[in-house]
Amino acid sequence: MTAATPSTQAPSTRTHVLSTDQENQVTTGATVWLTGLPSAGKTTIAYELADRLREEGHLVEVLDGDEIREFISAGLGFSREDRHTNVQRIGFLAELLARNGVKALVPVIAPYTDSREAVRKRHQESGAAYIEVHVATPVDVCSVRDVKGLYAKQAAGELTGLTGVDDPYEEPESPDLRIESQHQTVQESAAALHALLTERGLA
């Protein structure tokens, strides 16, 4: 019997070549929650910021409140309890994204202080970065913009429970940033938020 001889063939090696996009990818996650009245400009600012961050190589997701209502919080109404539940679901999803390297931009009203603080606490406990932005557009300006026609419906008696009109909105006392969108362009508002992210080492 002849002894087996070890193979002299060199082991194959696999080399993973990163694409330019992967090489330039920034993987510091954070949640940026933009709270404010309906038609305050939250979503518009969020998408403007998202475009800039993506150009810089960040992973970004915008958690749109209407889409969340349709796909994750379907069946919830607009009572205080249901609003709180909706905000906690969004907060869970945002924190999950943030601690996995994604910038989660959340343009969602979140009218109650205790709901927002619960989301902040979740992020603090996991170590994920969290920034609260108050888009402090006054209700009279929002009602003129009326992007979704909600203020007109409320005035016509076709809608009740409109945040800031006949339903409470508890303004943040000490947000990380307050934006008065009626006094600046969308680009300027997004730039102010980008500057804060840069200051915090997140952009």
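Because only heavy atoms are used, hydrogens play no part in the values below, and waters and symmetry mates are left out as well, while side chains stay in.
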To the nearest 0.5 Å, what is the distance between CD on Glu70 and CG on Asp64? 10.0 Å

Got a donor-acceptor contact below 3.5 angstrom from the Asp167 side chain to the Leu162 backbone? no

Test side chain to side chain donor-acceptor pair (under 3.5 Å) applied to Ser181 and Arg145, step by step: CA-CA 12 Å; Ser181 71; Arg145 292 178 180 174; 3.1 Å; yes

Are Leu59 and Leu93 joined in one hydrophobic group, where the rule is that I, L, V, M, F, W and Y side chains link up if heavy atoms are under 4.5 Å apart? yes

Keeping the roles fixed (side chain from Asp176, backbone from Val133), state whether a donor-acceptor pair exists under 3.5 Å. no

Common cluster, Leu105/Ile179, ILVMFWY with side-chain heavy-atom separation under 4.5 Å: yes

Side-chain donor or acceptor of Lys42 paired with backbone N/O of Leu37 under 3.5 Å: yes

Working to the nearest 0.5 angstrom, can you tell me the gap between Arg120 CZ and Thr113 OG1? 11.0 Å

Taking all non-hydrogen atoms of both residues, which atom of Gly164 and which atom of Val139 are closest, and how far apart? O-CG2, 4.1 Å

Restricting to non-hydrogen atoms, name the atom on Ala190 and the atom on Glu48 that form the minimum distance, rounded to 0.1 Å. CB-CG, 3.5 Å

Are Leu34 and Leu193 side-chain neighbours, meaning at least one heavy-atom pair lies under 4.5 Å? yes

Under 3.5 Å: donor-acceptor pair, side chain of Ser115, backbone of His84: no

What do the steps show when you test Glu56 against Arg52 for salt bridge (Lys or Arg N to Asp or Glu O under 4.0 Å), and what is the final call? CA-CA 7 Å; Glu56 296 172 351; Arg52 179 168 179 179; 3.6 Å; yes

Can you confirm whether more than 12 heavy atoms, excluding those of Glu158, are under 6.0 Å from its CD atom? yes

Do Glu95 and Arg99 sit within salt-bridge range, that is, some charged N less than 4.0 Å from a carboxylate O? yes

Residue pair Val106 / Thr31, side-chain heavy-atom distance below 4.5 Å: yes

Closest non-hydrogen atoms of Val62 and Ala50, given as atom of the first, atom of the second and distance, are CG2-CB, 3.9 Å

Distance-minimising heavy-atom pair for Ser39 and Cys142: CB-O, 3.6 Å

Using a 3.5 Å distance criterion without hydrogens, assess whether the side chain of Asp146 forms a donor-acceptor pair with backbone atoms of Ala152. yes

So do Val119 and Gln88 actually touch side chain to side chain, heavy atoms under 4.5 Å? yes

Take Val186 and Tyr47, measure what side chain to side chain contact (heavy atoms under 4.5 Å, CB included) needs, and give me the verdict at the end. CA-CA 10 Å; Val186 173; Tyr47 277 106; over 6 Å; no

Does some side-chain heavy atom of Pro138 sit less than 4.5 Å from a side-chain heavy atom of Gln182? yes

Measuring from Ile90:CD1 to Thr85:OG1, what's the distance to the nearest 0.5 Å? 11.0 Å

Is there a side-chain contact between Leu202 and Ile131 (heavy atoms, below 4.5 Å)? yes

All heavy atoms of Ile45 vs all of Ser189, minimum pair found to be CD1-CB, 3.7 Å

Is any NZ, NE, NH1 or NH2 atom of the basic residue among Glu117 and Lys121 found under 4.0 Å from an Asp or Glu carboxylate oxygen of the other? no

Minimal non-hydrogen separation, Arg83 against Pro111, with atom names: CD-CG, 3.9 Å

Is any side-chain heavy atom of Arg80 less than 4.5 Å from a side-chain heavy atom of Tyr112? yes

The test is side chain to side chain contact (heavy atoms under 4.5 Å, CB included); show your working for Leu197 and Leu53 and say whether it passes. CA-CA 10 Å; Leu197 290 172; Leu53 290 172; 4.2 Å; yes

Cluster overlap Val135 with Leu150, hydrophobic side-chain contacts below 4.5 Å: no

Would you say the side-chain atoms of Tyr151 pair up with the backbone N or O of Pro38, donor to acceptor, closer than 3.5 Å? yes

Can you check whether Arg89 reaches Leu76 side chain to side chain, under 4.5 Å on heavy atoms? yes

Grouping I, L, V, M, F, W and Y whenever their side-chain heavy atoms are under 4.5 Å apart, do Phe92 and Leu97 come out in a common cluster? no

Return the OG1 to NE2 distance between Thr198 and His194, rounded to the nearest 0.5 Å. 4.5 Å

Backbone N/O of Val60 and side chain of Arg54: donor-acceptor pair under 3.5 Å: yes

Tyr130 six-ring centre to Arg116 NZ/CZ under 6.0 Å and within 45° of normal: no

From Trp33 CH2 over to Ile109 CD1, what is the distance, rounded to the nearest 0.5 angstrom? 11.0 Å

Using atom types as modelled and distance alone, determine if a side-chain donor or acceptor of Lys103 lies under 3.5 Å from a backbone N or O of Ala203. no

Is any side-chain heavy atom of Thr43 closer than 4.5 Å to one of Asp66? no

Give a yes or no answer on whether the side chain of Asn86 reaches the backbone of Asp82 with a donor-acceptor pair at less than 3.5 Å. no

